[in-house]
Amino acid sequence: MSTDKLFDIEEELDKLPNSPGVYIMHSSTGAILYVGKAVNLHNRVRQYFRSGHGHNNSPKILKMVSQIAYFEYIITASELEALVLECNLIKEHHPKYNTVMTDDKGYPYIRVTVEEPYPRVFYVHRMNRDKSRYFGPFTDRSAVKDTVTLLRKLFMIRHCNKKLPEQAMKDRPCLYYQIGECSGPCNFLISEEDYRKSIDKAIDFLNGNHKDITKELTAKMKEQAASLDFEKAAKTRDLIESIGHISSKQRITDTDGDDRDIIALAGNGTDYVVSVFFIRDGQLIGRENHHMSCDADETAGSVISDFIKQFYLGLPFIPREIITEYDIDDAELVEDYLSERCGHKVKLIKPKIGEKMRLLELAKDNAALVLSQDIERIKRKEKRTVGATQEIAELLGIEKASRMEAYDISNISGYLSVASMVVFENGEPKKNAYRKFRLRTVSGPDDYASMKEVLSRRFTDEKIGELPDVLMMDGGKGQVNVAEMVLDSLGLDIPVCGMVKDDSHRTRGLYYKNEEVSFRRGSEAMHMITALQDETHRFAIEYHKLLRSNAQVHSVLDDIPGIGPARRKALMQHFSDIDSIRSATVEELSQIPGIPESTASKIYNFFHQDSNNDTTN
């Protein structure tokens, strides 16, 4: 979106309402520079354009204000609603002048389906709002999987997804029952009451009560050894060792036994690492480190405030206490927001002495270690990804190139023409946004007409959604002109580049605005465009091969009388390729289940009709 030339900032400032809400600052190209919230939009937004206000002395704010071409705002019913909306908009748009988490991660949980008559235990990627019992979040994924495996062995919990008791007694007990790792509820080999006792023990274990089960298993192992049943004793010993391995990952204990997160910070002025320790039922179950990128004039307290708002926006579980060493901006408002989200009271705590302070010091040491050891690796990755997109934007003279879409056409002499759409977001492939197109209106090898159809379909399909910052065409001037014509007809203003290759078929530069823009040899921008071009070509070729394969199978087998999907599948599973089917005798064909001799004769005659005709003549 381009700025409205009639937008008069002074006039619009006078129109601002005395209401809570969110304001959005835009550059002349429409890019979002900053998102903020306000108790009073009229007072807050005016401060950016008035000298003498404290926050306006910041170099960061002064630089941002100099780039503001226009602003917009959204009125909310309360400051709490404004906070929620601000967090959502920052998370979605990653504005240039907001402090933004650069590594947004999810966490695994252990789910116990206590709402079922015969509950299951398994690993999940997120916590849903249902009747199941969840444990986590954990950060060591392998440890979570190990724990689930151990619980199933230890308490003989079922692995299957059968709906019990409705689907019981339909099959024999599975292999896990045969090897002693399931109690067989699918065949009512254990009562619902006894099975529930095993689930209760598993929940007790997940709550950190390892001692009782270890004591019980140790007594069992001794009994087995005394009975000279050494094989079972060895298995029990292995289970005890597994419990020790799991519990050793929870070395730190908080004597209060509560749920809390410990948040600490380490920084060097522009780069910060926020370390979060997850304490559940008094035990450290995991930790996570996040890199925050911000300007040098940001205070540590504001970095932590921004982190907390963004971090807990995406987490389904929020503990009752969040401990940090800094005062949080709008602390009461943030507490109200978090409390409303999770359904219980959440407190932000700044400890000075005691156990909580000790845990905070530990988290601070961890953050400092990560900052010293991993920040260079994190920054190198950002240079290859986000840095490369910034370099491309600077080369082209555009606002940003965070989302790039690339297109390629693949065909063989116009046969089965297809197109690929590949998306790179913040320098990395976004594969769930890739799209395949099979040409509908173009016949023959006409790449320009094919691209016109593909782009018209892409930019009129509301399901595809977000628009790119720049289009990358696998070709030169002709492909760029076609793309610009389509965009112009749809009223879209999106930069279009052609990805140009040299005589050795290596990416050389970009064709943009009737000129070739060359890369600095070995630059991150060059590597990024090369990767984008290669991925686009690979995706198109892969789709074309799939269609060719399907077309070959159809044209050869489906044209034989008496061959439908089931028999075609049986033939391909048995012979694996068309040549083997062609070489088979009637007797060999008729031995395949579902292929009678009459049909086998039709298949044989179909492949040998030319030679039969020769013989006849």
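Here the structure is a predicted model, which means the values were calculated and not measured. If you read the sequence from its start, that first residue is 1, and numbering goes on from there.
When all heavy atoms of Ala525 and Ile392 are compared, the pair lying nearest together is CB-CG1, 3.7 Å. Closest approach of Pro17 to Leu41, counting heavy atoms only: O-CB, 3.6 Å. The minimum heavy-atom distance between Arg384 and Met528, with the atom names listed, is O-CE, 3.1 Å. For the pair Asp408 and His537, the tightest heavy-atom approach, listed with the atom from each and the gap, is OD2-ND1, 3.0 Å. Annotation for Val273 and Ala367: closest pair O-CB, 3.8 Å, computed over non-hydrogen atoms. When all heavy atoms are compared, the tightest approach of Arg457 to Arg438 is NH1-O, 3.1 Å.
Within the 4.5 Å cutoff, no side-chain heavy atoms of Glu399 are placed close to those of Asp469. You'll find the side chain of Ser420 stays beyond 4.5 Å of the side chain of Tyr434, heavy atoms only. With contacts defined as side-chain heavy-atom distances shorter than 4.5 Å, the pair Val35/Asn98 qualifies. The shortest side-chain heavy-atom distance between Val422 and Pro429 does not fall under the 4.5 Å cut-off. The shortest distance between side-chain heavy atoms of Asn40 and Pro20 does not fall below 4.5 Å. Between Asp330 and Lys37, some side-chain heavy-atom pair lies under the 4.5 Å cut-off. Two residues are said to be in side-chain contact when any heavy atoms from C-beta on lie closer than 4.5 Å; Ser302 and Tyr326 fail this criterion. Residues Tyr511 and Lys477 form a side-chain contact, since some pair of their non-hydrogen atoms from C-beta on lies under 4.5 Å apart.
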**Request:** Test Glu428 against Arg403 for salt bridge (Lys or Arg N to Asp or Glu O under 4.0 Å), laying out the working first.
**Result:** CA-CA 9 Å; Glu428 296 185 279; Arg403 182 184 171 101; over 6 Å; no
**Asked** Could you go step by step and tell me if Cys497 and Leu471 meet the side-chain contact (heavy atoms from CB on, under 4.5 Å) rule?
**Response** CA-CA 6 Å; Cys497 297; Leu471 280 188; over 6 Å; no
**Prompt:** Going through the checks in order, is the side-chain hydrogen bond (donor to acceptor under 3.5 Å, both in side chains) test met by Glu12 and Tyr70?
**Reply:** CA-CA 9 Å; Glu12 296 300 325; Tyr70 65 100; over 6 Å; no
**Pair Glu325-Lys364, salt bridge (Lys or Arg N to Asp or Glu O under 4.0 Å): steps then yes or no** = CA-CA 9 Å; Glu325 63 179 314; Lys364 285 171 62 178; 3.3 Å; yes
**Item:** side-chain contact (heavy atoms from CB on, under 4.5 Å) assessment of Lys347 paired with Ile322
**Value:** CA-CA 6 Å; Lys347 289 288 294 179; Ile322 299 171; over 6 Å; no
**Message:** Checking Tyr48 against Met64 for the side-chain contact (heavy atoms from CB on, under 4.5 Å) test, could you report, in this order, the C-alpha distance in whole Å, the side-chain angles of both residues, the deciding distance, and whether it holds?
**Reply:** CA-CA 9 Å; Tyr48 286 96; Met64 186 264 289; 3.8 Å; yes
**Prompt:** How far apart are the C-alpha atoms of Arg46 and Asp14, what are their side-chain angles, what is the distance that settles it, and do they pass the salt bridge (Lys or Arg N to Asp or Glu O under 4.0 Å) test?
**Reply:** CA-CA 9 Å; Arg46 290 173 66 87; Asp14 290 335; 3.1 Å; yes
**Evaluation steps, side-chain contact (heavy atoms from CB on, under 4.5 Å), between Met404 and Glu425** = CA-CA 6 Å; Met404 296 186 289; Glu425 202 162 87; over 6 Å; no
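If you take CE on Met451 and CG on Asp474, they are separated by 7.5 Å, rounding to the nearest 0.5 Å. Glu524 CD to Thr389 OG1: the interatomic distance, rounded to the nearest 0.5 Å, is 11.0 Å. From Leu455, atom CG reaches atom OH of Tyr407 across 5.5 Å, with rounding to the nearest 0.5 Å. Distance check: Asp336 CG to Leu83 CG gives 10.0 Å after rounding to the nearest 0.5 Å. The CD1 atom of Ile308 sits 10.0 Å away from the CZ atom of Phe311 when rounded to the nearest 0.5 Å. We find the NE2-CG distance between His344 and Asp259 to be 7.5 Å, quoted to the nearest 0.5 Å.
Not one N or O on the side chain of His42 forms a donor-acceptor pair closer than 3.5 Å with the backbone of Lys15. In this structure, Arg341 contributes its side chain and Tyr312 its backbone to a donor-acceptor pair below 3.5 Å. No donor-acceptor pair under 3.5 Å is formed between the side chain of Glu321 and the backbone N or O of Asp261. Distance alone, capped at 3.5 Å, places no donor-acceptor pair between the Glu72 side chain and the Met25 backbone. Looking only at distances, no side-chain donor or acceptor of Ser402 sits under 3.5 Å from a matching main-chain atom of Asn426. Here the side chain of Ser339 pairs a donor or acceptor atom with the backbone of Val346 at under 3.5 angstrom. Between the side chain of Ser523 and the main chain of Phe519, no donor-acceptor pair closer than 3.5 Å is present.
Partners of Phe71 under the ring pair (Phe, Tyr, Trp, His ring centres under 6.0 Å) rule, at least two apart in sequence or in another chain, are Phe7.
Tested against Leu510, the residues Val470, Ile529, Leu395, Val480 include a single side-chain contact (heavy atoms from CB on, under 4.5 Å) partner, Ile529.
Atom OH of Tyr448 has 12 or fewer neighbouring heavy atoms from other residues, nucleotides or ligands inside a 6.0 Å radius. Within 6.0 Å of NZ on Lys63 lie no more than 12 heavy atoms contributed by other residues, nucleotides or ligands.
No side-chain donor from either of Gln479 and Asp447 sits under 3.5 Å from a side-chain acceptor of the other.
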